[in-house]
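Residue numbers begin at 1 in each chain, while the letters A, B, ... track the order of the sequences.
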Amino acid sequence: MSDFDWLFFTEVLVGGLLSGVMYSLVAIGFVLIYKTSGVLNFAQGALLLFAALTFVSLVERGVPFALALVVTFALMVVIGIGIERTVLRPLTNRPPITLFMATLGLSYVIEGAAQLLWGTQVHALDLGIEDIPFDVGGVFISQFDIFAAAVAAGMVALLSIFFRYTRIGLAFRAVADDQFAALAIGLRLPWIWATVWATAGLVALVAGLLWGARLGVQFSLSLVVLKALPVLVLGGFDSILGAIVGGLLIGATEKLAEVYLGDYFGGGIESWFAYVAALAFLLIRPSGLFGQKLVERV
Amino acid sequence: MASIANDLPVASTHPRWLIPAALLAIAYLVIPFVGTSYLFEAILLPFLALSLAGVGLNLLTGYAGQVSLGSAAFMAVGAFAAYNFNLRVEGLPLVASIVAAGLSAAAIGIVFGLPSLRLKGFYLAVSTLAAQFFVQWALTKFGWFSNNSASGVIDAPPLGVAGIGFDSAAGRYLFALTVVTVLTFLALRLVSSQTGRNFIAVRDNDTAARIIGVPVLRTKLLAFAISSFIIGIAGVLWAFAYLRTVEPAGFNLDRSFQVLFIIIIGGLASIRGAFFGAALIVVFPLVLSRLGAFFLGDIFDSGVRDMSQRIVLGGLIILFLVLEPDGLVALWDRSVRRLGSVFGRS
């Protein structure tokens, strides 16, 4: 171990942390909805696909960048309201697992609709950020990754301020704490849910653009939910901080494991390693890193 | 008075085994002789395999309340285990390798059921995804499982029991039908036994279950084991009787969701429900593509078909959850009651 390459180790670690930020971006969308309505929204990946596909198709049809962004966001708001009307409202007061299955159905609908509307071919998405790695003390870091990390940090800051200091944010927290109490003091639950889903749509749009620029905009984009789920399990479903820390942890361990342990398993372990790592952690702390402690009487 | 008479159960006019027995008689004595090979290959064989997977998942999710998103993984374990037992153990009868495959799936099921001892709800559902990805990876990665064939594809051995071949379409149908009948019967016995009631107790309130003396942890693991056993054998049918050639990629997450959808649409905690749900899931894409081709003509190519299938399927799930949470079974029972009361009066 004397000739352990620390430089290489750092490079892998930093790469892992930065790709973890990308996972966190997706996970935040889940957390928003889970916090306020107790639903694990499996359709987040489909929303992400829908947003990215709509945006890229608009841009390809000659719509200016900013306008395409606005139009796509408007569309996500409409979808958010639509979901509240057609799915959440009729299912109020049903067990959470029923709502989860409804979002599974929802993800099928949105994925199908997105591809029926815009086609199934792969679109390239250029955000105008050059992906040139630059050198920090011998460690190469991708410029694009830094940009993604900055966007994620900005979004988390914005969301935190929004949750803490605005009236709507306060209402969100009230609903998250106790739906019945929130209703009793006159908060309009349907309106709040629609807003939350629209916000999740915005997060999906941002995450979709970043992931789309990385992978190309195509169906597999909706599979990034599968990368975000272990992050959620690790960080706790209801903690934005948890989503960030969980993302970083998963990103880093996944890359390190792939590089240092991958050979023993014959490679390709990233498809399941995050799950196993999250599971191993959960066996010690069942509510995740920052999740609310469930009051269990058993 | 008339309204009271209408509320009386109509089903009491005939014994409970009558309808299943009649259906079985038709399935064994009529369908093999009148069915076309399209009916066997495209409808009945996938229907039987998926029904059985639905029965297995329903034991775990519907009765014992543990949501699993990894059913396809256990189907894959069953299929590949049966293939290997058949290939590597000289002179092992087919039935024995199928049972051994089920036991292998049960063992894997217990391993991936271990998190259920500490986790609940969403955390558990997500952790079952670990099974999905791990199994698919292992089967593709290690050539041994597929006897080193390219990309893990396996070919089914000839089906035969005690020297009688079942390789024709009708033969494979009869083979699958028999397996499904036997296991469904066992599942029905199970849910009305003490074990089945323990499952329900754990699902409804595990604190209460523990207080009345149900061994909660053992019951959960048992549910995983039995469910995986049945789903594993469903995987064998899927691979050996239906497709004949399968690869690990065929048992992907979409397949897991398909099985989950079957029990949601059919009805949670209902053995019959799995059959209703599977029938809908198998027949509806065929109907949809026929209808689409008929009404839309050339626009309705395979891409459009796949996408509209996804949309309609997703929509159906939401519709069922909203309007009929107890699934097709409840719808069916209600219709039968209505019809019964209409005919009973006249």
Pick one of side chain, backbone, both or neither for [X], based on which atoms fall under 4.5 Å of a heavy atom in chain B.
{"X": "A:Y34", "answer": "side chain"}
{"X": "A:L40", "answer": "both"}
{"X": "A:I110", "answer": "neither"}
{"X": "A:L116", "answer": "both"}

With a 4.5 angstrom heavy-atom cut-off, which part of [X] approaches chain A: side chain, backbone, both or neither?
{"X": "B:L260", "result": "side chain"}
{"X": "B:I317", "result": "side chain"}
{"X": "B:F320", "result": "neither"}

Margin query: Run the side-chain contact (heavy atoms from CB on, under 4.5 Å) test against B:P285 and tell me which residues pass, sequence neighbours left out.
Written below: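 With neighbours one apart ignored, the set is B:Q309.
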
Checklist line | side-chain contact (heavy atoms from CB on, under 4.5 Å) partners for A:L248, two or more places apart | finding: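 So A:L248 forms a side-chain contact (heavy atoms from CB on, under 4.5 Å) with A:L17, A:V21, A:I244.
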
Next item on the list: Keeping the roles fixed (side chain from B:N58, backbone from B:G267), state whether a donor-acceptor pair exists under 3.5 Å.
Entry: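 Yes: the side chain of B:N58 pairs with the backbone of B:G267.
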
Item checked: Other residues, nucleotides, ligands: >12 heavy atoms within 6.0 Å of B:R218 CZ ->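 It does not: B:R218 CZ has 12 such atoms or fewer within range.
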
Note to self: Could you check whether any side-chain heavy atom of B:L280 comes within less than 4.5 Å of a side-chain heavy atom of B:L316, counting everything from C-beta outward?
What the structure shows: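 Side chain of B:L280 against side chain of B:L316, heavy atoms only: contact under 4.5 Å found.
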
Next item on the list: Flag the pair B:V67 / B:L124 as yes when at least one side-chain heavy-atom distance between them is below 4.5 Å, and no otherwise.
Entry: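 A side-chain contact is absent here, since even the closest heavy-atom pair is not under 4.5 Å.
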
Notebook entry, point to check: Under a 4.5 Å heavy-atom cutoff, which of B:V312, B:L114, B:I318 has the most pairs with chain A?
Noted result: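 So the answer, after comparing B:V312, B:L114, B:I318, is B:I318.
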
Notebook entry, point to check: Taking every heavy-atom pair that is under 4.5 Å apart, which of A:T86, A:L99, A:L229, A:T103 has the most such pairs with chain B?
Noted result: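 Ranked by heavy-atom pairs under 4.5 Å with chain B, first place is A:L229.
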
Margin query: Using ring centroids (six-membered ring only for Trp), state whether A:F172 and A:W193 fall under 6.0 Å.
Written below: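 Centroid separation for A:W193 and A:F172: 6.0 Å or greater.
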
